[in-house]
Enquirer: 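Take a look at the following structure, please.
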Amino acid sequence: MAVQRAALHGMLLLAVAASGAAAAKVPAVYVFGDSTADVGNNDYLPWSIARADFPHNGVDFPGGRPTGRFSNGLIGADFLAIAMGFSGSPPPYLSLMAATAANSSRSSSEVTRNTTMAAAAAYMSGANFASAGSGLLDSTGSTINMTQQIGYFSDLKDQMSNRLSAGKVADSLSKSIFLISAGSNDAFDFFSQNRSPDSTAIQQFSEAMISTYDSHVKTLYHLGARKFAVINVPLIGCCPYLRSQNPTGECVERLNQIAKSLNDGIKDLFSNLSSEMQGMKYSIGSAYQLVSSLIQSPHAAGLEEVKSACCGGGRFNAEIGCTPISSCCSDRSKYLFWDLLHPTQATSKFAGLAFYNGPAQFVSPISIKQLVEA
């Protein structure tokens with residue numbers, strides 16, 4: 001077992017070295033989901049409290065500044081994009097829209113035209129639509145739900161079509177990666193309403209979720225998506241916040257059961273869709289299996305603390321969130337969790353590379369690298 005962990009760690013280190021400064025391997029990356037993938041869209045929602053635009057968030061990001069990422073630095077979407085040859089996750093869609101709107105209000109038509117062209121060029125290599133607090137269900141959260149995220153992508157496609165032929169847009173989208181990381185917030189909401197759901201209730205919830213997921217994927221497919229990189233629901237019952245709420249301090253297993261049920265449905269859904277929809281390909285990164293593995297064998301990723309949050313307060317440093325006045329650990333590289341719910345940059349780096357070119361234990365039926373090259 002120790003040999004396997006060492007081999008995996010070595011493989012991931014090699015992948016890090018190989019991923020730097022390469023030419024982009026796909027035309028674009030389009031990102032959808034929740035706070036596990038949001039790189040700042042919620043900063044543009046004045047009413048939202050689901051934001052990370054303040055310290056200690058971003059303490060390890062270049063420049064040491066908060067970016068809207070719920071992390072001390074980069075997140076999984078960044079590391080996956082870097083592995084594909086980009087500098088990081090594409091920018092938040094709302095930031096590009098805000099820049100275009102601001103410049104469009106100026107009197108100079110030249111400035112407006114140049115800004116619009118610059119925004120269009122930025123869109124061509126992708127955009128991040130993810131919004132912290134959102135879910136697969138429209139009823140989850142009060143931020144940018146998945147239906148609206150896909151609506152924004154549809155708008156973006158229209159902008160692309162105004163500048164390129166329909167054939168070129170279709171070709172670009174068919175080769176691009178559509179990254180989806182969602183479902184945890186839906187599970188949290190369901191659990192908060194029913195702390196002791198029986199197997200029948202869990203099954204009914206999962207079926208409703210998968211039916212909604214099916215609709216979202218089909219909408220993206222009809223808009224031109226063909227390559228789907230999916231991150232499933234993590235071992236959410238083991239997040240520091242859930243431990244802090246459990247008198248025993250252990251994982252909340254009923255919540256993990258909900259996550260597992262959803263993941264079983266996601267696996268079956270994509271298998272069925274890929275056989276139904278011509279040209280569709282997919283890869284599923286198992287955040288559930290990866291977090292479970294790191295809790296059991298943290299040293300495989302150079303981690304030491306897998307229960308408590310790095311930034312927060314109270315029991316497990318997770319009864320309150322990460323704020324400028326929260327306590328913050330000095331060695332973030334040793335922690336699995338950054339705050340009460342989200343991983344550190346170190347964990348995200350390990351996960352991103354494992355999903356990109358890791359073993360079948362963490363990504364299937366093909367790796368994201370194989371999806372990129374397909």
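The structure presented is a predicted model; accordingly, all values stated were derived computationally and were not measured.
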Enquirer: How would you list all residue pairs meeting disulfide bond (SG atoms under 2.5 Å apart) that involve residues 206-245, not counting sequence neighbours?
Expert: Cys238-Cys251
Enquirer: Which residue, Val230, Ile180, Ile231, Leu136, forms the side chain to side chain contact (heavy atoms under 4.5 Å, CB included) with Ile266?
Expert: Val230
Enquirer: Met280, Ile284: one ILVMFWY side-chain cluster at the under-4.5 Å cut-off?
Expert: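 Yes.
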Enquirer: Run the side-chain contact (heavy atoms from CB on, under 4.5 Å) test on Ile150 and Phe129 for me, step by step, so that the C-alpha distance in whole Å, both residues' side-chain angles and the decisive distance to 0.1 Å come before the verdict.
Expert: CA-CA 8 Å; Ile150 296 173; Phe129 304 93; over 6 Å; no
Enquirer: Could you give me the CA-CA distance, side-chain angles and deciding distance for Leu94 and Leu45, then say whether side-chain contact (heavy atoms from CB on, under 4.5 Å) is met?
Expert: CA-CA 9 Å; Leu94 294 187; Leu45 305 179; 3.9 Å; yes
Enquirer: For the pair Asn232 (side chain) and Asn263 (backbone), establish whether a donor and an acceptor sit closer than 3.5 Å, ignoring hydrogens and angles.
Expert: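 Side chain of Asn232 to backbone of Asn263, a donor-acceptor pair under 3.5 Å: no, none is there.
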Enquirer: How long is the straight-line distance from CD1 of Ile258 back to CE of Met209, given to the nearest 0.5 Å?
Expert: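 The CD1 atom of Ile258 is 10.5 Å from CE of Met209, to the nearest 0.5 Å.
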Enquirer: Rounded at 0.5 Å granularity, tell me how far OH in Tyr356 sits from CE in Met84.
Expert: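 Rounded to the nearest 0.5 Å, the OH-CE separation comes to 6.5 Å.
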Enquirer: So that I can confirm a possible disulfide, could you see if the SG-SG distance for Cys311 and Cys328 falls below 2.5 Å?
Expert: no
Enquirer: About how many Å separate CD of Glu305 and CG of Asp331, when rounded to the nearest 0.5 Å?
Expert: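 The distance works out to 12.0 Å.
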Enquirer: Restricting to non-hydrogen atoms, name the atom on Gly88 and the atom on Ala81 that form the minimum distance, rounded to 0.1 Å.
Expert: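 Here Gly88 and Ala81 meet closest at O-CB, 3.2 Å.
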Enquirer: Show the nearest heavy-atom pair for residues Ser95 and Tyr44, with the distance to one decimal.
Expert: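 That closest heavy-atom pairing would be CB-OH, 3.3 Å.
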Enquirer: For Ser131, which of Asp34, Asp38, Asn42 qualifies under side-chain hydrogen bond (donor to acceptor under 3.5 Å, both in side chains)?
Expert: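 Only one option passes, and that is Asn42.
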Enquirer: If you take all heavy atoms of Ala201 and Asn194, which pair is closest and at what distance?
Expert: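 So the two residues come closest at CB-ND2, 4.4 Å.
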Enquirer: Looking only at the side chains, is there a donor atom on one of Gln257 and Glu253 sitting less than 3.5 Å from an acceptor on the other?
Expert: no
Enquirer: Distance check, rounded to the nearest 0.5 Å: Phe355 atom CZ versus Ser367 atom OG?
Expert: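 Answer rounded to 0.5 Å: 12.0 Å.
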Enquirer: Counting only heavy atoms not in Lys227, do more than 12 fall under 6.0 Å of its NZ?
Expert: yes
Enquirer: Does any part of the side chain of His342, heavy atoms only, come nearer than 4.5 Å to the side chain of Ser35, both counted from C-beta?
Expert: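 Yes; the side chains approach each other to less than 4.5 Å.
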Enquirer: Quick one: do Ser215 and Thr212 satisfy side chain to side chain donor-acceptor pair (under 3.5 Å)? Show the steps, please.
Expert: CA-CA 5 Å; Ser215 176; Thr212 302; over 6 Å; no
Enquirer: Go through Asn185 and Thr140 one step at a time and tell me if the side chain to side chain donor-acceptor pair (under 3.5 Å) criterion holds.
Expert: CA-CA 7 Å; Asn185 289 325; Thr140 298; over 6 Å; no
Enquirer: Are Phe228 and Val363 joined in one hydrophobic group, where the rule is that I, L, V, M, F, W and Y side chains link up if heavy atoms are under 4.5 Å apart?
Expert: no
Enquirer: Among pairs that include at least one residue of residues 329-374, which meet disulfide bond (SG atoms under 2.5 Å apart), considering only residues two or more places apart or in two chains?
Expert: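 Sorted result for residues 329-374: Cys310-Cys329.
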Enquirer: Are Met146 and Phe32 side-chain neighbours, meaning at least one heavy-atom pair lies under 4.5 Å?
Expert: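 SC-SC contact between Met146 and Phe32 confirmed.
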Enquirer: Between OG of Ser134 and CG of Asn145, what distance do you get to the nearest 0.5 Å?
Expert: 7.5 Å
Enquirer: Got Asn41 and Asn128 here, is their nearest side-chain heavy-atom distance under 4.5 Å?
Expert: yes
Enquirer: Is Val59 linked to Phe337 within one hydrophobic cluster, defined over Ile, Leu, Val, Met, Phe, Trp and Tyr using a side-chain heavy-atom separation of less than 4.5 Å?
Expert: no
Enquirer: What orientation do Phe190 and Phe205 show, parallel under 30°, tilted 30 to 60°, or perpendicular over 60°?
Expert: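 Ring orientation, 0 to 90° scale: parallel.
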Enquirer: Within the 3.5 Å criterion, strictly below it, is a donor on Thr147 or Asp138 matched to an acceptor on the partner's side chain?
Expert: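 Their side chains do contain a donor-acceptor pair, which is all the 3.5 Å distance test asks for.
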Enquirer: If you round to the nearest 0.5 Å, how far is OG of Ser154 from NE2 of His222?
Expert: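 With rounding to 0.5 Å, NE2 (His222) is 13.0 Å from OG (Ser154).
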Enquirer: Looking only at the side chains, is there a donor atom on one of Ser326 and Thr323 sitting less than 3.5 Å from an acceptor on the other?
Expert: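 Checked: Ser326/Thr323 side chains pair up, N/O donor to acceptor below 3.5 Å.
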Enquirer: Does Tyr241, at its OH atom, have more than 12 non-hydrogen atoms belonging to other residues, nucleotides or ligands within less than 6.0 Å?
Expert: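 No, the 6.0 Å shell around OH holds no more than 12 heavy atoms from other groups.
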Enquirer: Given side chains that start at C-beta, do those of Leu242 and Phe188 come closer than 4.5 Å, heavy atoms only?
Expert: yes
Enquirer: Can you tell if the side chain of Ile82 reaches within under 4.5 Å of the side chain of Leu74, non-hydrogen atoms only?
Expert: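 Yes, close enough: below the 4.5 Å cut-off.
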Enquirer: For Arg69 and Ser71, test the side chains for any donor-to-acceptor distance below 3.5 angstrom and give the result as yes or no.
Expert: no
Enquirer: Looking at every non-hydrogen atom in both residues, tell me the closest pair between Thr143 and Ala132 and how far apart they are.
Expert: OG1-O, 2.9 Å
Enquirer: If only side-chain N and O atoms count, and only distance matters, is there a donor-acceptor pair under 3.5 Å linking Asn317 with Ser308?
Expert: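 Ser308 vs Asn317: no donor-acceptor pair found between side chains.
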Enquirer: Is the count of non-hydrogen atoms from other residues, nucleotides or ligands lying under 6.0 Å from Glu276 atom CD greater than 12?
Expert: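 Yes.
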Enquirer: If hydrophobic clusters are built by linking Ile, Leu, Val, Met, Phe, Trp and Tyr wherever their side-chain heavy atoms come under 4.5 Å apart, do Ile236 and Tyr335 end up in the same one?
Expert: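 No, because Ile236 and Tyr335 fall into different hydrophobic clusters, even though each may have its own neighbours under 4.5 Å.
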Enquirer: Say whether Ile325 and Phe316 are linked into one hydrophobic cluster, either directly or through other cluster members, by side-chain heavy-atom distances under 4.5 angstrom.
Expert: no
Enquirer: Can you find a pair of side-chain heavy atoms, one from Ser206 and one from Ile202, that are under 4.5 Å apart?
Expert: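 Yes; the side chains approach each other to less than 4.5 Å.
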Enquirer: Please state whether the rings of Tyr213 and Phe270 are parallel, tilted or perpendicular, taking 30° and 60° as the class boundaries.
Expert: perpendicular
